[in-house]
Amino acid sequence: MIKEIEQILGAEAETLLSYQCKTIAKEKLHLPGPDFIDRVVLSSDRSPVVLRNLGALFNHGRLAGTGYVSILPVDQGIEHSAGASFAPNPEYFDPENIVRLAIEGGCNAVATTLGGIGAVSRKYAHKIPYILKLNHNEFLSYPNSFDQIMFASIDQAFDQGCVGVGATIYFGSEESKRQIQEVTQAFAHAHELGMFCVLWCYLRNPAFKTKEADYHVAADLTGQANHLGVTIQADIIKQKLPENNGGYKILSTKENPYGKISNLVYTQLSTDHPIDLTRYQLINCYMGRAGLINSGGASGDNDLQQAVRTAVINKRAGGTGLISGRKAFQKPMGDGVKILNAIQDVYLASEVTVA
């Protein structure tokens, strides 16, 4: 298995597979493992029903019993429009095929919309764990705007047999304060009913994208978003893989001060290596008490290599898994299954260790 991973990584294999983290030592982290719920979550205020549903997540699919997760998320029909998302493979206009892909791909769970789960909930509720995505950015109003609004309720998720719920907050946006309040209330109710909570911890503000770089994927800014996410008791944080750092330093000027940061973040808690940048994201998830799953990103010409690369970085940083959608469903189902299995193989490979 490790030989195939090395071949897929190509020229990056050595730097990604042999790197040793130079920031926070792995011994200080709450790392994934078969006993993660007993070792870490059991001491929290989560109810027995939440623990049981987390157990359902961790003990399903090809990664069952490892402490790692592979989740298929499909909400792009709303977030990016159905035409843009499903035209490459029109069979996924039918939500049953989304669920089938998650099952045949060996995923721990499928995360999708109220209507998508509702269309087939009775047929598959006992075959794969459901995660209901509660809010979305409606992408039809003109001109386009960006605001996560509620499409579903916690009670609907419970009635559909979901083990968990998910939501997005656009941290850094004008709408984020309202979104934080809405999602906090929703997550509290979900925990009351026994469902775990996954937060899409995304940044969105046009000021974050400069001529020099896109700081929506800066380790320092995404790390703070993660810290806000675990503060509202997200059990799992979904975050984009970091590509740079120093967002606070670039955005803050004498004329327009922005946020606060210690220079130690850049000198001791991170380097420019992607594993160290991702570890900084992880330590902001209460040092791993809340699992960090990185997103797979858009589909392109090199999906297999990019998906495996992201999985290796996430695992070696101490993360809990990958949540990858478009790379899997924007192609024939057999090819999508291969992508999902390749991701899972990284977490099954004992040779891929935590750095």
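Only heavy atoms go into these numbers, but all of them, side chains included; no hydrogens, no water, no symmetry mates.
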side-chain hydrogen bond (donor to acceptor under 3.5 Å, both in side chains) between N341 and Q344, intermediate numbers included | CA-CA 5 Å; N341 288 170; Q344 295 152 9; 3.1 Å; yes
OH of Y286 to NE2 of H30: how many Å apart, nearest 0.5 Å?
-> 11.5 Å
Taking C-beta and beyond as the side chain, do N89 and F329 meet within less than 4.5 Å on heavy atoms?
-> no
So CG of L72 and NZ of K327: to nearest 0.5 Å the spacing works out to 13.5 Å
Among I343, D335, I339, whose side chain to side chain contact (heavy atoms under 4.5 Å, CB included) with L304 holds?
-> I339
CD of E14: more than 12 outside heavy atoms within 6.0 angstrom?
-> no
Check ion pair R326-D303 (N to O, under 4.0 angstrom) | no
How far apart are the C-alpha atoms of Q224 and H227, what are their side-chain angles, what is the distance that settles it, and do they pass the side-chain hydrogen bond (donor to acceptor under 3.5 Å, both in side chains) test?
-> CA-CA 5 Å; Q224 180 60 19; H227 191 72; 5.7 Å; no
Determine, for R100 against E96, whether the closest basic-nitrogen to carboxylate-oxygen distance falls under 4.0 angstrom.
-> no
In terms of side-chain geometry, is the basic nitrogen of D235 or R46 positioned less than 4.0 Å from the acidic oxygen of its partner?
-> yes
Compare all side-chain heavy atoms of L63 with those of V69 and state whether any distance is below 4.5 angstrom.
-> no
Of the options T23, N245, T278, which is the one that meets S270 in a side-chain hydrogen bond (donor to acceptor under 3.5 Å, both in side chains)?
-> N245
Any chance the side chains of N244 and E212 put a donor and an acceptor closer than 3.5 Å?
-> no
Straight-line distance of F146 CZ to S141 OG, nearest 0.5 Å = 11.5 Å
Side-chain touch F196/I131, heavy atoms, less than 4.5 angstrom = yes
Under the side-chain contact (heavy atoms from CB on, under 4.5 Å) rule, what do L16 and R316 come out as? Steps first, then yes or no, please.
-> CA-CA 8 Å; L16 292 180; R316 300 216 66 222; 5.8 Å; no
Among side-chain atoms of Q239 and N226, is any donor-acceptor pair under 3.5 angstrom?
-> yes
Side-chain touch R204/E175, heavy atoms, less than 4.5 angstrom = no
Does NZ or CZ of K240 lie under 6.0 Å from the centre of the six-membered ring of W200, at an angle within 45° of the ring axis?
-> no
Would you mind reporting whether H60 and C107 have side-chain heavy atoms less than 4.5 Å apart?
-> no
Is the closest side-chain heavy-atom distance between L17 and E6 below 4.5 Å?
-> yes
On the 0 to 90° scale, with breaks at 30° and 60°, tag the Y68-Y347 ring pair as parallel, tilted or perpendicular.
-> tilted
Tested for side-chain hydrogen bond (donor to acceptor under 3.5 Å, both in side chains) against D220, the lone hit among Y215, Y280, Y248, Y266 is Y266
